[in-house]
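See below for the structure under consideration.
Just so it is clear, the model here is predicted, and its values are computed rather than measured.
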Amino acid sequence: MGFAPALHAEWIKIRTLRSLVGGLCAVLSATVAFSALSASSADAATGTDAEDFDPLYSVLFGVSFGQIAAIAFATTAVASEFQGGALRLSLAAVPHRGRWFAAKLTAIALPVLTVGLTTGLITVAVGSAVLGEKADELSTADCLRGALGCAVYLTLMALLAAGLTAVLRSGTAALSILVPFLLIVSFVVGDMSGNVADLLPDRAGQVVLHSRWEGPLGPWAGLAVTALWTATAVAAGAWRVRRRDA
């Protein structure tokens with residue numbers, strides 16, 4: 001089976017599983033909801049808080065929560081292959097393991113990228129409306145960069161999760177590592193280690209969601225660092241798929 005039929009087969013798997021469709025919907029709903037709450041809080045801020053706030057990050061704050069749904073979607077999509085002998089059936093149809101894994105990753109990346117871009121545009125629009133006059137500081141270029149950066153960042157994090165799941169052969173194990181890391185460890189390390197934390201995948205990638213930033217990485221350099229983490233995880237996952245028995 002060639003790449004196109006393999007990709008079509010993987011897409012059928014994704015769109016026919018309600019848990020995966022629900023995960024994609026959760027990316028949008030979680031991001032918009034938490035971003036609206038953040039923008040509402042920023043709109044009410046006064047004094048020093050009002051002077052220090054970042055308008056773009058205020059309207060895109062929910063991406064920190066939407067990414068949890070994105071990685072849950074990716075880990076579920078890959079982990080389902082390691083249950084009930086599903087991987088043996090997939091490899092019987094696509095014996096070339098590298099081709100199958102590439103099709104699986106593409107079937108994950110394309111919907112996340114599409115949903116991520118939609119999420120970014122809607123979140124910027126809703127957040128700006130909630131933020132009120134403070135949103136006047138945002139230029140069109142800032143808003144477009146934030147929306148595009150949201151899509152790329154969510155896609156990279158989903159692929160990182162997919163690669164890690166292939167390495168561990170368990171969605172539960174991958175989520176047990178990624179969720180605490182994103183919600184707790186990254187912030188603790190960031191507060192203790194200075195610029196070293198700027199190279200962590202989530203902190204580097206989220207620079208693109210800020211209208212102003214400090215540190216060695218700019219928006220696109222930060223996404224490049226996240227892409228390196230993702231490439232490493234995907235390469236490790238591909239190696240594991242090739243070497244391990246189905």
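Cluster annotation: Ile68 and Ile177 are assigned to the same hydrophobic cluster (Ile/Leu/Val/Met/Phe/Trp/Tyr, side-chain heavy-atom contacts under 4.5 Å, transitive). Linking Ile, Leu, Val, Met, Phe, Trp and Tyr whenever their side-chain heavy atoms come within less than 4.5 Å leaves Leu121 and Val115 in two separate clusters. Clustering ILVMFWY residues whenever any of their side-chain heavy atoms sit less than 4.5 angstrom apart, transitively, puts Leu144 in a cluster other than the one holding Val124. Note: the hydrophobic cluster containing Trp220 also contains Leu159 (ILVMFWY, side chain heavy atoms under 4.5 Å, direct or indirect links). Clustering ILVMFWY residues whenever any of their side-chain heavy atoms sit less than 4.5 angstrom apart, transitively, puts Phe82 in the very cluster that holds Val234.
Proximity of Leu17 to Thr76: side-chain heavy atoms (C-beta onward) are nowhere separated by under 4.5 Å. At a threshold of 4.5 Å between non-hydrogen side-chain atoms, the residues Val112 and Leu24 count as touching. Side chains of Leu182 and Ile71 form a contact here, defined as non-hydrogen atoms less than 4.5 Å apart. Looking only at side-chain heavy atoms (C-beta outward), Leu178 and Leu160 come within less than 4.5 Å of each other. Within the 4.5 Å cutoff, no side-chain heavy atoms of Phe73 are placed close to those of Val27.
Using modelled atom types, one side-chain atom of Trp229 and one backbone atom of Leu199 make a donor-acceptor pair closer than 3.5 Å. Thr232 places a side-chain N or O within 3.5 Å of a backbone atom of Leu228 that can act as its donor or acceptor partner. Judged by distance alone, with hydrogens and angles left aside, the side-chain atoms of Ser58 form no donor-acceptor pair with the main-chain N or O of Ala39 at under 3.5 Å. Checking side-chain atoms of Arg145 against main-chain N and O of Val208 turns up a donor-acceptor pair under 3.5 Å. Between the side chain of Thr75 and the backbone N or O of Gly171 there is no donor-acceptor pair closer than 3.5 Å. In this structure, the side chain of Ser80 engages the main chain of Ala77 through a donor-acceptor pair within 3.5 Å. Side-chain atoms of Thr165 never come within 3.5 Å of backbone atoms of Ala79 as a donor-acceptor pair (strictly under, hydrogens ignored).
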Please evaluate residues Tyr57 and Gln206 with respect to the criterion side-chain contact (heavy atoms from CB on, under 4.5 Å), reporting the C-alpha separation (whole Å), side-chain torsions for both, the decisive distance (0.1 Å), and the verdict. CA-CA 9 Å; Tyr57 189 64; Gln206 288 189 23; 3.7 Å; yes
Applying side-chain contact (heavy atoms from CB on, under 4.5 Å), run through Val78 and Ile108 and close with a yes or a no. CA-CA 9 Å; Val78 176; Ile108 290 171; 3.7 Å; yes
Check the pair Thr119 / Val63 against side-chain contact (heavy atoms from CB on, under 4.5 Å), numbers first and verdict last. CA-CA 9 Å; Thr119 297; Val63 174; 5.9 Å; no
As a quick check of understanding, evaluate side-chain contact (heavy atoms from CB on, under 4.5 Å) for Leu154 and Gln67, giving each step before the final call. CA-CA 6 Å; Leu154 289 174; Gln67 69 178 335; 3.8 Å; yes
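Closest approach of Thr226 to Met157, counting heavy atoms only: CG2-SD, 4.1 Å. The two residues Phe3 and Arg99 make their nearest non-hydrogen contact at N-CD, 3.8 Å. Considering every non-hydrogen atom in both Gly120 and Ala147, the closest pair reads C-CB, 3.7 Å. Residues Val59 and Thr123 come closest through the heavy atom pair O-CG2, 2.9 Å. The two residues Phe61 and Phe34 have their closest heavy-atom pair at CD2-O, 4.0 Å. Between Ala74 and Ala158, the shortest heavy-atom distance links the atoms CB-O, 3.1 Å.
Between the CG atom in Leu20 and the SG atom in Cys25 there is a gap of 11.0 Å [rounded to 0.5 Å]. Here the straight-line distance linking atom OG of Ser176 with atom CZ of Phe181 works out to 15.0 Å at 0.5 Å rounding. Between atom CG of residue Leu138 and atom SG of residue Cys143 there is a gap of 5.0 Å, rounded to the nearest 0.5 Å. Taken to the nearest 0.5 Å, the CD1 atom of Ile122 stands 11.5 Å off from the OG atom of Ser35. Distance check: Thr172 OG1 to Leu175 CG gives 7.0 Å after rounding to the nearest 0.5 Å. Annotation: the span from Leu105 atom CG to Thr155 atom OG1 amounts to 12.0 Å, rounded to 0.5 Å.
Applying salt bridge (Lys or Arg N to Asp or Glu O under 4.0 Å) to Glu81 and the options Arg169, Arg97, Lys13 leaves one that passes, Lys13.
Within 6.0 Å of CH2 in Trp239 there are 12 or fewer heavy atoms belonging to other residues, nucleotides or ligands.
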